[in-house]
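Quick notes on the structure that follows.
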Amino acid sequence: MAVELHIDLKNYRIPARKFFSRDTRTVAKSLLGAYLRHETPVGVLGGMIVETEAYMFSEPGCHAFNGMTNRNRVMFGHPAHAYTYFTYGAHWMLNIVTEKEGRGCCVLLRALEPIEGIEIMRGLRQKAKKDVDLANGPGKLTQALMIGKGQYGLDVLDSRLIVLVPERSFRRRIVDGYGGIVTTTRIGISVAEDLQYRFYLANHPCVSVHRKTV
DNA sequence: GAGACGATTTTCT
DNA sequence: GAAAATCGTCTCG
């Protein structure tokens, strides 16, 4: 059942950096219902985050597990910075660094409900048959929002790429309206497959894969 | 609607 | 040189 919730930016604000320095799984869950907004030369692109995954430095699914490399170095910096990387020869992924400086944890943003700049997104994602398909996957999300190498290391509290969080009561309406939060194992990895580090809004149409809790 | 598979290039071993 | 935090297309039912 579709839930008609008017997402108004008046209900959102930029959080303190402390929001991102908490436990990565807590941050991943808390980001459901948050708003990702990218000011690009062709217009503002934005939407509500509906699906995330946590990556902890202490488990092999995480790029930081084997220490710092040139690719992942931003993960070891301050929280709330963007970690973008390229994979499968075609796709960019967008993560946000979490926990205390030096730990190497992040949250992968996997899916978004398009809200601002939908016309532009349609041009950027011509393969999408419906608007629901504009950003319902990590690779699609970055393509729809023009996120890639140029956004590596940006501070999502103070840059052209920002994350806003809903007020407490509004967030409750979002989460309840979509039937709560589902926790599952992560998608597309071949290690640490038992960890339930994926979170999404239960009945939201823009979630990439609706998988029952394992 | 679900499962199989190829594309393509960066990164690290 | 292999693997990769994916996507779109194809096939079958």
Side-chain angles (χ1 to χ4, degrees), chain A residues 20 23-25 27-29 31-32 34 36 47 49-77 79 81-99 103-114 121-154 156 161 163 182-200 203-212 214:
Chain A
F20 290 97
D23 179 277
T24 305
R25 292 154 296 193
V27 178
K29 237 181 289 189
L31 281 173
L32 298 177
L36 180 67
I49 297 165
V50 302
E51 178 182 348
T52 61
E53 283 179 0
Y55 286 86
M56 310 279 285
F57 75 96
S58 54
E59 45 91 4
C62 183
H63 283 178
F65 182 65
N66 290 316
M68 183 156 42
T69 65
N70 192 46
R71 177 174 69 164
N72 68 18
R73 73 191 142 73
V74 74
M75 286 182 74
F76 293 89
H81 287 251
Y83 167 43
T84 57
Y85 71 90
F86 189 75
T87 192
Y88 289 111
H91 307 291
W92 286 91
M93 303 287 118
L94 172 63
N95 303 259
I96 302 177
V97 178
T98 58
E99 309 218 7
R103 294 207 88 183
C105 303
C106 66
V107 171
L108 170 69
L109 303 187
R110 288 192 53 91
L112 204 75
E113 174 186 334
M121 293 188 201
R122 288 182 188 131
L124 294 166
R125 289 259 317 124
Q126 301 195 4
K127 297 272 173 62
K129 295 196 172 85
K130 298 174 293 186
D131 288 351
V132 160
D133 300 320
L134 288 172
N136 62 340
K140 302 176 192 176
L141 184 155
T142 56
Q143 195 183 353
L145 264 69
M146 293 181 70
I147 290 166
K149 188 176 188 176
Q151 283 64 49
Y152 185 94
L154 287 185
V156 300
L161 181 67
V163 170
V182 177
T183 302
T184 74
T185 53
R186 294 175 292 189
I187 303 285
I189 59 172
S190 54
V191 294
E193 295 174 86
D194 55 318
L195 297 176
Q196 303 213 7
Y197 283 1
R198 174 170 174 256
F199 311 96
Y200 64 85
N203 300 320
H204 200 288
C206 296
V207 170
S208 66
V209 181
H210 284 83
R211 184 200 280 175
K212 291 285 193 303
V214 179

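All values derive from a computational prediction rather than experimental measurement. We name chains A, B, ... by the order of the sequence lines, and we start the count at 1 in each one.
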Counting Watson-Crick and G-U wobble pairs only, both distances under 3.5 Å, name the nucleotide matched with C:dA5, or none. none
Rounded to whole Å, please give me the gap between CG in A:L134 and P in C:dG8. 11 Å
How many Å lie between CE on A:M75 and P on B:dC12, as a whole number? 12 Å
Under 4.0 Å between a side-chain N or O of A:K140 and OP1 or OP2 of C:dG8? yes
For A:F65 and A:M56, what are the C-alpha separation, side-chain angles and deciding distance, and is it a side chain to side chain contact (heavy atoms under 4.5 Å, CB included)? CA-CA 8 Å; A:F65 182 65; A:M56 310 279 285; over 6 Å; no
Qualifying residues under ring pair (Phe, Tyr, Trp, His ring centres under 6.0 Å), relative to A:Y88, sequence neighbours excluded: none
According to a cutoff of under 5.5 Å between the ring centres and under 30° between the ring planes, does A:Y88 stack with the base of B:dA7? no
Phosphate contact (C:dT6 OP1 or OP2) by A:R110 side-chain N/O below 4.0 Å: yes
Filter on salt bridge (charged side-chain N to carboxylate O under 4.0 Å, His left out), then keep only pairs touching residues 137-153 of chain A, sequence neighbours left out; what's left? none
A:L141 CG - C:dC7 C1' separation (whole Å): 14 Å
What is the distance, to the nearest angstrom, from the CG atom on A:L124 to the C1' atom on C:dC7? 16 Å
Partner of A:T98 by side-chain contact (heavy atoms from CB on, under 4.5 Å), out of A:D23, A:L31, A:T24: A:T24
Could you check how far CG of A:N66 sits from C1' of B:dT11, rounded to whole Å? 13 Å
Go through the N and O atoms of the side chain of A:Y85 and the base of C:dA5, and report whether any donor-acceptor pair is under 3.5 Å. yes
For the pair made of OH in A:Y152 and C1' in B:dT11, what is the distance, rounded to whole Å? 12 Å
Taking a pair as Watson-Crick or G-U wobble with both distances under 3.5 Å, which nucleotide is matched to B:dT8? none
For A:F86 and B:dT10, say yes or no: do the ring centres fall under 5.5 Å of each other while the ring planes differ by less than 30°? no
Given DNA chain C, 5'-ward residue of the pair A:E53 and A:A128, judged by closest heavy atom: A:E53
Is the closest basic N to carboxylate O distance between A:E59 and A:R186 below 4.0 Å? yes
Would you say A:S190 reaches C:dA4's phosphate, i.e. side-chain N/O to OP1/OP2 under 4.0 Å? yes
Touch check for A:G139, heavy atoms < 4.0 angstrom, all strands: base, sugar-phosphate only, or nothing? sugar-phosphate
Should A:T87 be listed as having a side-chain N or O under 4.0 Å from OP1 or OP2 of C:dA5? no
Per the ring pair (Phe, Tyr, Trp, His ring centres under 6.0 Å) rule, which among A:Y55, A:Y85, A:F57 passes with A:H63? A:Y85
C:dA5 base to A:H63 side chain: any donor-acceptor pair below 3.5 Å? yes
Separation of A:R25 atom CZ from C:dA5 atom C1', in whole Å? 17 Å
To the side chain of A:R125, which of C:dT6, C:dG8, B:dT11 is closest? C:dG8
What is the distance, rounded to the nearest whole Å, between atom CD1 of A:I189 and atom P of C:dT6? 9 Å
